[in-house]
Amino acid sequence: MASENSPLLAYRLLGDEGSAFPASGVGGPGGPSPRKLSTFLGVVVPTVLSMFGIVVFLRIGFVVGHAGLLQALAMLLVAYFILALTVLSVCAIATNGAVRGGGAYFMISRTLGPEVGGSIGLMFYLANVCGCAVSLLGLVESVLDVFGADATGPSGIRVLPQGYGWNLLYGSLLLGLVGGVCTLGAGLYARASFLTFLLVSGSLASVLVSFVAVGPKDIHLTPRPGTNGSSLPPRFGHFTGFNSSTLKDNLGAGYAEDYTTGAMMNFASVFAVLFNGCTGIMAGANMSGELKDPSRAIPLGTIIAVVYTFFIYILLFFLSSFTCDRTLLQEDYGFFRAISLWPPLVLIGIYATSLSASMSSLIGASRILHALAQDDLFGVILAPAKVVSGGGNPWGAVLYSWGLVQLVLLVGKLNTLAAVVTVFYLVAYAAVDLSCLSLEWASAPNFRPTFSLFSWHTCLLGVASCLLMMFLISPGAAGGSLLLMGLLSALLTARGGPSSWGYVSQALLFHQVRKYLLRLDVRKEHVKFWRPQLLLLVGNPRGALPLLRLANQLKKGGLYVLGHVILGDLDSLPSDPVQPQYGAWLSLVDQAQVKAFVDLTLASSVRQGAQHLLRISGLGGMKPNTLVLGFYDDAPPQDHFLTDPAFSEPADGTREGGSPALSTLFPPPRAPGSPRALSPQDYVATMADALKMNKNVVLARACGALPPERLSRGSWSTAQLHHVDVWPLNLLRPRGGPGYVDVCGLFLLQMATILGMVPAWHSARLRIFLCLGPQEAPGAAEGRLRALLSQLRIRAEVQEVVWGEGAGAGSPEEEEEGDFVNGGRGEAEAEALACSANTLVRAQQGQGSGGGPGGPEGGDQGPATALTFLYLPRPPADPARYPRYLALLEILSRDLGPTLLIHGVTPVTCTDL
């Protein structure tokens with residue numbers, strides 16, 4: 001993808017010699033092309049000619065004749081109100097920074113991003129291509145109406161042969177003329193446009209003078225198409241001169257059949273025709289690459305053009321209503337020729353407006369296409385459009401556009417194309433309004449345009465008005481254009497785009513997230529809406545990839561933070577080593593496809609860094625409530641980057657876009673026997689610190705043994721069922737009773753249930769093991785647990801196992817929680833108890849559902865256990881016993897496969913509605 005310059009370089013305030021020069025426009029091999037067009041020649045002239053088009057000469061009578069003066073004025077006000085809203089947005093964006101080549105496409109893409117900007121830019125380009133073809137087809141029809149062999153009317157000069165082939169030939173010749181002017185550069189185009197502007201202005205001036213100078217006269221009307229004119233008496237329209245009776249008759253609406261199509265007219269159809277002729281406000285913005293000062297010329301020139309054309313339309317509406325009867329207005333749309341002092345000058349004006357509109361569309365299309373090609377959004381398809389001349393003229397884009405216009409001319413469906421062109425223009429206008437609206441809503445400090453006559457209300461109204469007009473003009477074309485925009489956006493999203501343009505979506509998200517975080521009040525938290533918010537401490541992600549994905553499944557829409565501690569002291573370092581590493585960790589999150597934030601810190605020890613992260617990670621009501629750690633054992637770390645398909649990388653060590661491979665950004669796994677950054681003492685102390693901060697603790701062991709399918713994002717269907725085993729009782733405290741309903745036991749049940757909600761774990765069956773004391777009768781405790789599970793809406797199998805023979809003979813004081821791990825019993829007895837508990841858990845793994853205490857009857861082998869949840873005892877109060885505590889945990893969870901040891905300290909379940 002094309003790279004974007006630094007935002008400050010776009011302004012280029014001082015050159016190498018200290019002289020001021022503007023940002024470059026269309027660039028060539030030898031450097032940027034000179035910007036030489038003034039506001040008048042570069043913006044006012046093309047915009048005026050585009051907004052007039054052929055409508056000003058051939059559709060004034062149509063609008064006033066059918067709608068009447070009052071409704072015609074209302075239509076004009078509404079149309080220009082919609083256009084004015086977009087003009088305000090254009091002015092705001094154009095005065096907020098350096099505007100380069102591409103006009104509206106540049107404004108949209110640099111605001112809404114390459115996906116939306118590229119799709120709308122391509123549609124705007126196609127609109128200009130089709131607009132050029134429509135103007136040429138309209139010019140051909142106008143010429144043949146007078147000079148064609150089949151011309152009707154008394155003034156026809158029947159010299160040109162007609163037919164599809166001849167019409168195509170005439171259009172192609174005119175396209176060659178237009179293309180030749182545009183290929184030779186913007187300077188020649190500006191001079192040709194100025195000449196055309198003079199011809200159109202002279203023609204309009206002659207029409208305005210004729211309204212005053214010509215006296216009343218009867219005008220012969222051409223017979224309607226499809227009628228036998230020789231068998232009907234001649235029909236006349238009346239030019240009355242200034243007459244109050246004529247004005248009175250023309251005030252109200254008088255909708256009738258259109259004599260050219262036979263269709264019955266109404267407000268919507270007449271308004272659509274009028275609005276079609278007014279869409280051209282971007283003609284000057286499309287020349288942004290050739291303007292001397294686009295940030296000043298685009299708003300000033302566009303406003304002047306809009307005001308000028310509005311005044312001319314108003315004047316023509318009033319003059320037509322005062323002087324022409326309704327019959328003349330409705331039956332002869334080209335009545336300007338009939339009342340003109342010199343009719344050929346009106347023809348010259350009609351031909352000049354059509355020719356200038358086609359030139360404006362073609363050169364505007366070429367500039368948009370060149371900008372699209374330079375941004376490399378569509379790859380090699382638009383590569384020819386990058387070619388420029390030595391002077392910077394993108395003649396490759398002109399020839400590319402010329403070829404597409406030639407293809408459109410083959411279609412030859414003028415009315416159909418006109419509706420599509422207008423709808424595509426309106427999509428672009430709505431996008432400009434949406435861009436300005438997004439910038440305004442985002443409240444970005446750098447959005448401070450010098451043009452201030454706008455607000456988010458005008459932008460929002462502009463978007464709504466453009467969308468409404470799209471469906472009013474052509475519902476089918478409007479729906480098709482939105483579908484096309486969606487498909488192109490999806491294509492560009494899949495392909496990827498430049499990331500250095502700046503996305504207004506990020507600013508909008510920041511604005512909204514900040515607002516809602518302030519409203520997320522921790523004082524209003526309720527256990528009914530509790531969800532896990534995880535902080536996973538990762539040393540090296542190469543060995544923690546399965547745990548990273550398992551934690552992503554456990555978060556249940558909650559906060560998920562990847563934490564990493566970098567050892568060091570900032571006082572002894574020349575710069576902060578943390579910031580450069582964020583990019584690698586964010587790339588890891590993207591490639592692992594987990595929904596996590598990244599938080600890195602610098603500390604003298606891992607324990608101290610963990611304390612930092614537990615205290616400061618998150619924001620407001622979104623802060624971690626659960627610490628997740630990998631288990632501390634002697635198992636050699638594995639490099640999952642080598643086996644995970646998502647992390648397969650090219651042999652040259654680079655990814656798409658030239659960025660380095662993740663394997664080069666993270667160190668290799670720790671070699672077996674090498675020193676660790678975290679001691680066993682600090683490991684247990686980190687757990688104790690988290691519990692002191694009222695955080696839940698999860699220790700994950702052997703997660704690398706989980707099948708990759710269980711860690712995938714989709715569902716996993718298999719013929720072999722698996723179990724998720726939950727032991728909600730402290731197995732190192734051999735006592736039965738109601739221990740399964742304490743806070744920690746319920747936390748285990750909640751976490752296991754959350755995991756079962758993940759599609760990849762839907763097929764796993766939840767199994768809860770109820771530990772009975774040696775004197776406790778079977779069945780009673782199971783009934784109480786099933787009732788509790790029913791209240792908690794947890795579906796699970798319940799199995800009773802006897803646990804605690806030979807234990808519990810001491811006094812109640814000796815059996816308090818943590819008795820064995822705190823040294824209340826001998827080390828040998830504690831290890832024996834941990835071994836017995838480990839044997840008990842392993843005995844239940846792989847066995848099917850069964851009967852009474854002690855396990856299933858007959859020992860039938862059933863589905864294997866995929867994951868085991870164990871009660872994690874609280875660390876001992878004496879730090880000197882931390883190594884013994886860790887050794888007991890290692891014995892307890894040895895050879896159990898993937899295991900989560902969990903200690904919960906916060907209530908997480910509720911039976912209320």
Side-chain angles (χ1 to χ4, degrees), residues 3-14 16 444-446 498-503 506-507 510 535-545 548 560-592 594 596-619 623-624 627 629-630 637 639 641 647 649 652-671 673-679 681-683 685-686 689-690 693:
S3 62
E4 186 74 359
N5 293 332
S6 166
L8 290 180
L9 293 181
Y11 291 88
R12 309 276 299 274
L13 296 180
L14 292 177
D16 294 336
N446 281 324
S499 59
S500 58
W501 289 0
Y503 292 81
Q506 295 297 306
F510 179 90
L535 169 62
L536 171 60
L537 286 185
V538 180
N540 190 336
R542 286 178 176 270
L545 201 54
L548 190 142
Y560 180 23
V561 180
L562 292 182
H564 176 67
V565 180
I566 302 172
L567 298 179
D569 184 1
L570 193 59
D571 291 338
S572 61
L573 296 172
S575 62
D576 183 14
V578 173
Q579 296 302 323
Q581 295 195 27
Y582 268 101
W585 284 86
L586 292 174
S587 298
L588 170 73
V589 168
D590 294 337
Q591 205 153 334
V594 296
F597 297 95
V598 173
D599 212 344
L600 312 179
T601 189
L602 181 71
S604 58
S605 68
V606 175
R607 179 186 179 186
Q608 188 180 45
Q611 292 176 0
H612 295 170
L613 294 173
L614 283 169
R615 292 186 185 280
I616 66 175
S617 291
L619 196 63
K623 297 184 74 68
L627 174 67
L629 298 169
D639 190 351
F641 280 14
F647 288 81
E649 295 163 343
D652 59 358
T654 59
R655 291 177 290 164
E656 183 180 355
S659 56
L662 279 179
S663 58
T664 65
L665 302 178
F666 294 102
R670 175 182 55 84
S674 60
R676 301 186 181 188
L678 184 65
S679 66
Q681 187 81 14
D682 282 350
Y683 178 80
T686 300
D689 293 341
M693 298 179 190

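Predicted, not measured: the structure shown is a model, and the values here were computed from it.
Classified by interplanar angle (parallel below 30°, tilted 30° to 60°, perpendicular above 60°), the ring pair Phe641/Phe647 is parallel.
To the nearest 0.5 angstrom, Leu665 atom CG is 9.5 Å from Arg542 atom CZ. In this structure, CG on Asp576 lies 9.5 Å from CD on Gln581, to the nearest 0.5 angstrom. Taken to the nearest 0.5 Å, the OG atom of Ser604 stands 8.5 Å off from the CG atom of Leu602. Note that CH2 of Trp585 and CG of Leu600 are 6.5 Å apart. Values are rounded to the nearest 0.5 Å. Note that OG of Ser617 and CG of Leu535 are 5.0 Å apart. Values are rounded to the nearest 0.5 Å.
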Step-by-step side-chain contact (heavy atoms from CB on, under 4.5 Å) determination, Arg670 to Asn540: CA-CA 9 Å; Arg670 175 182 55 84; Asn540 190 336; over 6 Å; no
Stepwise side-chain contact (heavy atoms from CB on, under 4.5 Å) test for Tyr683 and Leu629: CA-CA 9 Å; Tyr683 178 80; Leu629 298 169; 4.1 Å; yes
Evaluate Leu614 against Leu627 for side-chain contact (heavy atoms from CB on, under 4.5 Å), listing each step before the verdict. CA-CA 8 Å; Leu614 283 169; Leu627 174 67; 4.2 Å; yes
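Dense packing is recorded around OH of Tyr582, with more than 12 heavy atoms of other residues, nucleotides or ligands lying under 6.0 Å away. Atom CZ of Phe666 has more than 12 heavy atoms from other residues, nucleotides or ligands within 6.0 Å.
Leu588 has its side chain out of reach of Val598: every pair of non-hydrogen atoms, C-beta onward, lies at least 4.5 Å apart. Asp639 is not listed as a side-chain neighbour of Pro668, based on a closest heavy-atom distance of 4.5 Å or more.
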May I have the list of side-chain donor-acceptor pairs in residues 560-569 shorter than 3.5 Å, sequence neighbours left out?
| from | atom 1 | to | atom 2 | distance (Å) |
| --- | --- | --- | --- | --- |
| Tyr560 | OH | Leu548 | O | 2.6 |
| His564 | ND1 | Val538 | O | 2.8 |
| His564 | ND1 | Gly539 | O | 3.3 |
| Asp569 | OD1 | Asp571 | N | 3.2 |

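Exactly one of Gln611, Gln608, Arg615 qualifies for a side chain to side chain donor-acceptor pair (under 3.5 Å) with Asp689. That residue is Gln611.
Closest non-hydrogen pair, Gly609 versus Thr601, comes out as O-CG2, 3.8 Å.
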